[in-house]
Peer 1: 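Following this message is one structure expressed as structure tokens.
As the structure is a prediction and not an experimental result, all values here were calculated from the model. Values below: every heavy atom of this structure, side chains too, minus hydrogens, waters and symmetry copies.
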Amino acid sequence: MKLTDIQWIDTYCMEKRGTTKAFKEEWGWMRYFVEGKPYAIIGFRDNKEVLLTVRTDTAYSEMLQQEFQAVVPGYYCNKLIYTTVWFDVDEIPEKDRHQSGEEIYPNRQLMQEMIDKSYLIQVSKLPKKKQQLLLEK
């Protein structure tokens, strides 16, 4: 089983104020930044999206990992502050596999929430003036 409805992620990220993106060819990652700080990464293998990595706090990450089999500590990132959602559980490296969650994949709404939280974590690290500009309605 695979998570297939993922094309929305690029549009969702790019709609966030101040977002830029850059493809890191040697890693196969499309990285989304706010003011130079990465908040979302889509990993590719063989030109197919295979994972989403976002910045999280430890408690939120642990809760998600308990609920969903496809959510693991950040892949090739600091595992304490990044969380990865694999789009195909068969792609998860053996060392990161677990069977604790009843559900396999988070739904779109939860993945949007994860992206939103990641964006806000990175915005909170910016000077107050930048924060205001990015978060004003």
Peer 1: Taking only residues two or more places apart in sequence, or in another chain, which ones meet Tyr119 in a side chain to side chain donor-acceptor pair (under 3.5 Å)?
Peer 2: none
Peer 1: Would Tyr60 and Val54 show up in the same hydrophobic cluster when neighbours are defined by side-chain heavy atoms closer than 4.5 Å?
Peer 2: yes
Peer 1: Closer than 4.0 angstrom, basic N to acidic O: yes or no for Asp57 and Lys117?
Peer 2: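 Between Lys117 and Asp57 there is no salt bridge, as every charged N stays at least 4.0 Å from the carboxylate O atoms.
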Peer 1: For Ser61, what residues pass the side-chain contact (heavy atoms from CB on, under 4.5 Å) criterion, not counting sequence neighbours?
Peer 2: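 Ser61: side-chain contact (heavy atoms from CB on, under 4.5 Å) contacts with Thr56, Gln65, Thr83.
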Peer 1: Side chains of Asp88 and Tyr105: any donor to acceptor distance under 3.5 Å?
Peer 2: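 No.
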Peer 1: Out of curiosity, Ile42 CD1 to Leu51 CG, how far, rounded to the nearest 0.5 Å?
Peer 2: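 Atom-to-atom, Ile42:CD1 and Leu51:CG are 9.0 Å apart.
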Peer 1: So, taking the atom named CG in Leu110 and the one named CD in Glu67, what distance separates them when rounded to the nearest 0.5 Å?
Peer 2: 7.5 Å
Peer 1: Would you name the heavy atoms of Ile115 and Cys13 that are closest together and state the gap between them?
Peer 2: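 Smallest heavy-atom distance, with atoms named: CG2-SG, 4.0 Å.
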Peer 1: Assess the side chains of Tyr32 and Gln122: does a donor N or O sit below 3.5 Å from an acceptor N or O?
Peer 2: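 No.
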Peer 1: For Trp86, run the side-chain contact (heavy atoms from CB on, under 4.5 Å) check against Ile104, Thr53, Val50, Leu52 and tell me which one passes.
Peer 2: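 The single option meeting the side-chain contact (heavy atoms from CB on, under 4.5 Å) with Trp86 is Val50.
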Peer 1: Would you say the side chain of Lys37 lies within less than 4.5 Å of the side chain of Ile121, judging by non-hydrogen atoms?
Peer 2: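 They are not in contact (no side-chain heavy atoms under 4.5 Å apart), so the answer is no.
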Peer 1: Determine, using the 4.5 Å side-chain heavy-atom cutoff (strictly less than), whether Leu133 and Tyr39 are members of one ILVMFWY cluster.
Peer 2: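 No; tracing contacts between hydrophobic side chains, which count when under 4.5 Å, never links both residues.
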Peer 1: When rounded to the nearest 0.5 angstrom, what distance separates CG in Leu120 from NZ in Lys125?
Peer 2: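 It is 12.5 Å, given to the nearest 0.5 Å.
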Peer 1: Please list, chain by chain and in numerical order, all residues satisfying side-chain contact (heavy atoms from CB on, under 4.5 Å) with Phe23, sequence neighbours excluded.
Peer 2: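 Checked Phe23 against side-chain contact (heavy atoms from CB on, under 4.5 Å); matches are Glu25, Met30, Phe44.
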Peer 1: I need the minimum non-hydrogen distance between Gly74 and Thr84, along with the two atoms involved.
Peer 2: CA-OG1, 3.4 Å
Peer 1: Where do Arg17 and Glu136 come nearest, in terms of heavy atoms and distance?
Peer 2: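 The pair with the smallest heavy-atom distance is NH1-O, 2.6 Å.
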Peer 1: Can you tell me if Arg108 uses its side chain to pair, donor with acceptor, with the backbone of Ile9 under 3.5 Å?
Peer 2: no
Peer 1: For Gln112, check side chain to side chain donor-acceptor pair (under 3.5 Å) against everything at least two apart and list the hits.
Peer 2: none
Peer 1: Do we see a donor-acceptor contact under 3.5 Å between the side chains of Ser118 and Tyr82?
Peer 2: no
Peer 1: Rounded to the nearest 0.5 Å, what separation is found between the OG1 atom of Thr11 and the CE atom of Met14?
Peer 2: 9.0 Å
Peer 1: Can you name the closest pair of heavy atoms from Cys77 and Trp29 and give their distance?
Peer 2: SG-CH2, 4.0 Å
Peer 1: Tell me the closest heavy-atom pair linking Arg31 and Trp27, and the distance in Å.
Peer 2: CD-CZ3, 4.4 Å
Peer 1: According to side-chain contact (heavy atoms from CB on, under 4.5 Å), who are the partners of Ile81, at least two apart in sequence or on a separate chain?
Peer 2: Arg55, Asn78
Peer 1: Tell me every residue that passes side-chain contact (heavy atoms from CB on, under 4.5 Å) with Glu35, counting only those two or more places apart in sequence or in another chain.
Peer 2: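 Scan of Glu35 (side-chain contact (heavy atoms from CB on, under 4.5 Å), adjacent residues dropped) gives Leu126, Lys130, Leu134.
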Peer 1: Does any part of the side chain of Val34, heavy atoms only, come nearer than 4.5 Å to the side chain of Lys16, both counted from C-beta?
Peer 2: no
Peer 1: Is there a side-chain contact between Val71 and Pro106 (heavy atoms, below 4.5 Å)?
Peer 2: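 When only atoms from C-beta onward are counted, Pro106 and Val71 do touch, with a gap below 4.5 Å.
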